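Computed from a predicted model, the values in this text were never measured in an experiment. Just so it is clear, the values below take in all heavy atoms, side chains as well, and ignore hydrogens, waters and symmetry mates.
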Amino acid sequence: MHMLQVKDKEFELYLSEGELGRRVKELGRIITADYKDRQPLVLGVLNGAFMFLSDLMKEVSVPLELSFIKLASYEGTSSTGNVKEVIGLNHQIKGRHVLVVEDIVDTGLSMTHLQETLAKQMPASVELVSLLLKPAALKVPLEVKYVGFEIPNKFVVGYGLDYDGYGRNLKEIYQLK
Ligand code: IMP
């Protein structure tokens, strides 16, 4: 088993570069088909989604606009539940088909808050893409249309996701041992 230390914690390999790449390609194909007649406004949620977003967008071949937003702070290995305001939302949302790209949905509180914020500006549609989803951690009902992998309720790091600021640059995803 491929082990890794990030700061004070031990992690083990959970999703390889190849597994991630194959699934990202598939998601890209599905999104391309679904949005063939629309020009979505893609909102990537920083910081965690940067690597997934970058790989995913190379696999989506419809004309689109891409922008970045930032919302909650997340410290250590458990969600603070303390959602901050949405930063960087300076696009005209009204009438647009918005596609939010997130790294992971844990409690679902961040995405619910973002959806509510977007809805006030009357978009034509809002769909969520999340590389990872922890179904057992959801605290609110949330529809995530495009999910890369459903994972157990364990802390993960890598491929954009951090543990206390570290691990975002890893090519693979590691799970807390
Ligand atoms: P939620 O509001 O609880 O769904 O939290 C979503 C955010 O928490 C994600 O965008 C991540 O930044 C962070 N997060 C949740 N679970 C993990 C994890 O296992 N590893 C790293 N970050 C996580």
Side-chain angles (χ1 to χ4, degrees), residues 15 17-74 79 83-135 137-151 156-162 168-169 171-173:
L15 293 166
E17 194 181 2
E19 287 171 302
L20 288 166
R22 280 191 291 280
R23 186 65 183 132
V24 169
K25 273 203 165 70
E26 260 168 32
L27 284 176
R29 276 199 293 272
I30 295 166
I31 292 168
T32 299
D34 288 0
Y35 283 84
K36 66 178 190 307
D37 301 319
R38 294 176 283 175
Q39 302 189 348
L41 170 62
V42 177
L43 296 178
V45 184
L46 294 175
N47 296 324
F50 84 93
M51 205 176 274
F52 172 49
L53 180 73
S54 161
D55 288 344
L56 181 66
M57 287 302 104
K58 290 179 246 176
E59 306 297 335
V60 175
S61 57
V62 298
L64 56 81
E65 278 186 271
L66 177 56
S67 193
F68 301 94
I69 56 172
K70 199 160 179 170
L71 40 158
S73 67
Y74 192 89
S79 190
V83 178
K84 279 196 199 153
E85 61 175 319
V86 182
I87 302 161
L89 195 59
N90 38 29
H91 255 83
Q92 186 65 256
I93 304 293
K94 194 173 188 311
R96 297 300 306 269
H97 292 284
V98 178
L99 195 55
V100 175
V101 180
E102 175 64 303
D103 53 353
I104 185 166
V105 172
D106 186 46
T107 62
L109 293 170
S110 314
M111 282 305 100
T112 301
H113 172 72
L114 178 60
Q115 273 184 329
E116 285 165 2
T117 306
L118 293 171
K120 289 185 191 139
Q121 299 188 39
M122 310 298 281
S125 67
V126 178
E127 297 294 355
L128 306 181
V129 189
S130 186
L131 176 67
L132 305 174
L133 172 74
K134 293 177 179 171
L138 275 179
K139 287 191 179 157
V140 282
L142 179 72
E143 201 209 320
V144 186
K145 183 156 185 185
Y146 306 98
V147 177
F149 301 90
E150 291 197 353
I151 66 167
V156 288
V157 74
Y159 198 64
L161 291 129
D162 75 306
R168 291 195 197 278
N169 56 317
K171 289 190 188 82
E172 311 86 4
I173 289 181

Considering only heavy atoms from C-beta outward, does the side chain of [X] approach that of [Y] to under 4.5 Å?
| X | Y | value |
| --- | --- | --- |
| R23 | L15 | no |
| L114 | E102 | no |
| F52 | L132 | no |
| V140 | M111 | no |
| L118 | V100 | yes |

Looking at every non-hydrogen atom in both residues, tell me the closest pair between [X] and [Y] and how far apart they are.
| X | Y | value |
| --- | --- | --- |
| G160 | F50 | CA-CE2, 3.7 Å |
| L71 | S110 | CD1-O, 3.6 Å |
| P63 | P40 | O-CD, 3.6 Å |
| G95 | A124 | O-CB, 3.3 Å |
| P123 | V126 | CG-CG2, 3.5 Å |
| S130 | V105 | OG-N, 3.4 Å |

Can you tell which of Q39, E65, H91 makes a side-chain hydrogen bond (donor to acceptor under 3.5 Å, both in side chains) with R96? E65
Check step by step if side chain to side chain contact (heavy atoms under 4.5 Å, CB included) holds for L131 and L56. CA-CA 10 Å; L131 176 67; L56 181 66; over 6 Å; no
Report the C-alpha separation of L53 and F68 in whole Å, then their side-chain angles, then the decisive distance to 0.1 Å, and conclude whether the side chain to side chain contact (heavy atoms under 4.5 Å, CB included) test is met. CA-CA 10 Å; L53 180 73; F68 301 94; 3.3 Å; yes
So, using salt bridge (Lys or Arg N to Asp or Glu O under 4.0 Å) as the criterion, who are the partners of [X] when residues are at least two apart?
| X | answer |
| --- | --- |
| E17 | none |
| E19 | none |
| D55 | K58 |
| R38 | none |

Run the side-chain hydrogen bond (donor to acceptor under 3.5 Å, both in side chains) test against R22 and tell me which residues pass, sequence neighbours left out. none
Distance from [X] atom [atom1] to [Y] atom [atom2], nearest 0.5 Å?
| X | Y | atom1 | atom2 | result |
| --- | --- | --- | --- | --- |
| H97 | S125 | NE2 | OG | 5.0 Å |
| K139 | L109 | NZ | CG | 6.0 Å |
| I30 | Y146 | CD1 | OH | 8.0 Å |
| R168 | D162 | CZ | CG | 3.5 Å |
| I93 | L43 | CD1 | CG | 5.5 Å |
| E59 | I31 | CD | CD1 | 10.5 Å |

Judged by atom type as modelled, is there a donor-acceptor pair below 3.5 Å linking the side chain of T32 to the main-chain atoms of S61? yes
Under the side-chain contact (heavy atoms from CB on, under 4.5 Å) test against Y159, which residue among V24, N169, D103 passes? V24
Q115 vs L128, test: side chain to side chain contact (heavy atoms under 4.5 Å, CB included). Steps then yes/no. CA-CA 9 Å; Q115 273 184 329; L128 306 181; 3.8 Å; yes
Steps toward side chain to side chain contact (heavy atoms under 4.5 Å, CB included) verdict (V60, V42): CA-CA 11 Å; V60 175; V42 177; over 6 Å; no
Quick one: salt bridge (charged side-chain N to carboxylate O under 4.0 Å, His left out) pairs with a partner in residues 108-132, sequence neighbours left out? none
